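Input: a single structure, listed below in structure tokens.
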Amino acid sequence: MNDQTQRPRMTTTAGAPVASNQNSETAGPRGPLLMQDYQLLEKLAHQNRERIPERVVHAKGWGAFGTFTVTNDITRYSCASIFGEVGKTTDMLARFSTVAGEQGAADHERDVRGFALKFYTDEGNWDVVGNNTPVFFVRDPLKFPDFIHTQKRHPRTNLRSATAMWDFWGQQPESLHQVTILMSDRGLPQDPTFMNGYGSHTYSFWNKAGERFWVKFHFKTQQGHRHFTNGEAAEIIGHSREGYQEALFGKIEDGNFPRWKMFVQVMPEADAETTPFDPFDLTKVWSHKDYPLIEVGEFALNRNADNYFAQIEQAAFSPSNKVPGIGYSPDKMLQARVFSYADAHRYRLGTHYEHLPVNAPKCPVHHYHKDGQMNFMGQKTGSVDAYYEPNSFGGAVEDNSFAEPPLRISGEAGRHPHQQQMDDYTQPRALHDEVLNDEERGRLYKNLAAAMDGADEAVVQVALGHFDLISPAYGAGIRAARAEKAQKND
Ligand code: NDP
């Protein structure tokens, strides 16, 4: 490759050959520069524009391409083409992330991990924009911006604030289920291959007969669960802030492809009227005993991006990307994300973000959206007069055979205080009392005590009152861990 005559000729962005990329155009060898050196001006101007706004949440991420394969027939629940037959494969993309840290944050921080999947199906892109936890901190999207503000920097100190976090969590006991998972071992996976993913929201399936089912998605790691303690993570961060990128990229380069099995929990539509809990509440799981996991398929991540910025940073995942056979549910958080994710991409990437190669569907795309910044697709309707619909000149038309069965809803419009009817303690109690063993509980208490460090004591006491309500042993365990920590610090 050092034989320069064999290499392609360098050009300007307008395609003209470049005679020199080593010397600016100047009046004599000492300068000054000539204003007409557009090649220099353009190079500097491009550099100024190399960054786009980072995601407000999930800014730091790691991703790769892969293949999804159906291993079990679920066509009785969903007519989605991706599940059409056992053995069918679909190309996909995954992006994992932390939530709160900015783009330069260290990978091994205790935080919820994003678990976003894009399946390039033959009936359009289907995105599952989940987390490594099955629940979330709030159940009403009106609270989401406030919640995120508590996770980000304080306006005056520009530091993250333990007081803000515990103040919010203490006033929203619905958060404590997710806080328990975050502070458990699973809150700090060794790398993205050692964690599960969950669609978290309740979605819906519908089959060819038009029957609707409520559904939860689970993606179980085939590498097993592996975690670090806070101390181990601190040591790693001392060596490298990029441990997740190194691990995920390295494993795939080595041909050691990470795999996850996809399962669903399925609830017949009418059951939602009678379950003792709200199946659309994002702070709750569905018990495995009542709704057992049904295997669907498996995916392997087998190809690294060639260009991180183009293919991972510009990857745009949104719950609004659904395909026939998969639908939404009344879950308020899901309904809000249908708007806010796509809107974030329009802001970050531009109006036509879906046409960037990494986001573009692999099936034909026909729509009548017009113009806007960076419209590089033109309108491919076959007739210049067919630029609106309905029209008499050609172009794509609707197909009623894909109509979704009606989403049944009931109730009076209003600002319903969801919380008053909810039991926020039973499920975290099951996790604390029944799922975790003594050693796991011990580490949970320690992690919670560490997270309370530096928070206003009155605020911490309110939160501890809620941990007592989850389980007296839970509150007592955190208090003991705090006392032990205080003693060590003396
Ligand atoms: P199960 O005993 O059937 O399920 C317990 C589940 O807990 C396991 O299957 C595992 O989920 C998960 N788990 C194990 N360790 C941890 C941990 N450190 N942090 C978070 N999750 C962990 O009982 P139920 O279905 O009745 O659920 C009991 C409680 O378990 C729930 O209240 C919830 O807190 C928690 N849980 C339940 C999940 C569900 O979908 N039902 C999923 C995750 C947690 P997995 O199999 O996904 O690895």
Side-chain angles (χ1 to χ4, degrees), residues 110-113 115 117 128 130-137 139 169 173-190 192-203 213-230 233 258-267 271 275-296 298-299 329 331 422-448 451 466-467 469-471 473-474 477-478:
R110 181 171 297 281
D111 197 354
V112 171
R113 265 65 179 163
F115 197 105
L117 307 174
V128 183
N131 282 329
N132 70 331
T133 61
V135 294
F136 194 65
F137 297 93
R139 60 170 72 97
W169 288 337
E174 70 203 57
S175 300
L176 297 181
H177 193 189
Q178 173 80 321
V179 170
T180 301
I181 297 174
L182 170 63
M183 299 296 167
S184 79
D185 290 347
R186 290 199 182 184
L188 190 29
Q190 288 195 3
T193 69
F194 295 120
M195 63 190 194
N196 283 353
Y198 302 88
S200 305
H201 297 289
T202 298
Y203 290 87
F213 302 86
W214 307 116
V215 61
K216 292 254 194 211
F217 295 102
H218 299 251
F219 304 93
K220 292 215 180 205
T221 171
Q222 298 303 291
Q223 289 65 242
H225 290 274
R226 285 199 207 166
H227 316 107
F228 284 130
T229 62
N230 285 353
R259 313 176 93 84
W260 284 261
K261 275 198 170 162
M262 183 198 284
F263 296 86
V264 285
Q265 287 177 290
V266 175
M267 181 187 289
D271 274 25
T275 50
F277 63 99
D278 176 354
F280 308 117
D281 175 355
L282 185 55
T283 65
K284 302 283 185 293
V285 296
W286 295 358
S287 156
H288 288 141
K289 289 141 211 130
D290 298 336
Y291 297 96
L293 297 181
I294 301 167
E295 185 176 324
V296 180
E298 184 176 77
F299 71 82
S329 79
D331 177 346
M422 303 307 300
D423 167 8
D424 293 321
Y425 305 105
T426 300
Q427 291 202 355
R429 182 178 306 132
L431 181 59
H432 176 273
D433 290 359
E434 291 160 35
V435 177
L436 302 183
N437 63 32
D438 282 344
E439 285 177 4
E440 290 169 330
R441 274 192 289 264
R443 290 192 291 270
L444 169 70
Y445 304 148
K446 262 182 139 175
N447 292 336
L448 281 158
H466 291 292
F467 285 110
L469 292 173
I470 294 173
S471 171
Y474 197 174
I478 304 170

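Every number for a ligand or one of its atoms is a count from 1 in the order of the listing. Small disclaimer: the values here were computed from a predicted structure and weren't measured. When reading the values below, keep in mind they use all heavy atoms of this one structure, side chains included, and skip hydrogens, waters and symmetry mates.
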Please report the interatomic distance CZ(F228) to CZ(R110), rounded to the nearest 0.5 Å.
12.0 Å
Protein residue, atom and distance nearest to atom 41 (N) of ligand 1, heavy-atom basis
W286 O, 2.9 Å
Could you find the nearest protein heavy atom to atom 22 (C) of ligand 1 and give me its residue, atom name and distance?
R186 CZ, 3.5 Å
Give the residue and atom name of whichever protein heavy atom lies nearest to atom 46 (O) of ligand 1, and the separation in Å to one decimal.
K220 NZ, 2.5 Å
Protein residue, atom and distance nearest to atom 44 (C) of ligand 1, heavy-atom basis:
P134 CG, 4.0 Å
Are side-chain heavy atoms of V135 and H177 found at a separation under 4.5 Å?
yes
Closest protein heavy atom to atom 36 (N) of ligand 1, given as residue, atom name and distance to 0.1 Å:
V285 CG1, 4.4 Å
Looking at OG1 of T275 and CE of M267, how far apart are the two atoms once the value is rounded to the nearest 0.5 Å?
5.0 Å
Measure H177 to ligand 1 on non-hydrogen atoms and call it side chain, backbone, both or neither using the 4.0 Å cut-off.
side chain
Would you say K284 touches ligand 1, if touching means a heavy atom closer than 4.0 Å?
no
V112 side chain reached by R186 side chain, heavy atoms, under 4.5 Å
no
Side-chain contact test, heavy atoms from C-beta onward, threshold under 4.5 Å: evaluate it for H432 versus R441 and give yes or no.
yes
Is F263 close to K220 at the side-chain level, that is, under 4.5 Å between some pair of heavy atoms?
yes
Of the side chain and backbone of E434, name the one, both, or neither that has a heavy atom under 4.0 Å from an atom of ligand 1.
neither
May I ask you to identify the nearest protein heavy atom to atom 3 (O) of ligand 1, giving residue, atom name and distance to one decimal place in Å?
H288 ND1, 3.1 Å
Looking at V135, N132, V435, the heavy atom closest to atom 28 (C) of ligand 1 belongs to V435
Of the choices S184, S200, G187, which has the non-hydrogen atom that lies closest to atom 18 (N) of ligand 1?
S184
Does the T202 side chain pair with the main chain of S329, one donor and one acceptor, at a distance under 3.5 Å?
no
Structural part of T180 in contact with ligand 1, heavy atom criterion under 4.0 angstrom
neither
List the closest protein heavy-atom neighbour of atom 47 (O) of ligand 1: residue, atom name, distance to the nearest 0.1 Å.
Y198 OH, 2.5 Å
Give me the residue, atom name and distance of the protein heavy atom closest to atom 26 (O) of ligand 1.
K289 NZ, 3.0 Å
Which of the numbered atoms in ligand 1 are under 4.0 angstrom from any heavy atom belonging to N196?
45 (P), 47 (O), 48 (O)
Test applied, side chain to side chain donor-acceptor pair (under 3.5 Å); reference residue, R259; option that passes from E298, Q223, Q222:
E298
Ion pair present between D424 and R429, side-chain N to carboxylate O less than 4.0 angstrom?
no
Side-chain contact, heavy-atom cut-off 4.5 Å: D281 with F277?
no
Interfacing atoms of ligand 1 (cut-off 4.0 Å, heavy-atom, H218):
40 (O)
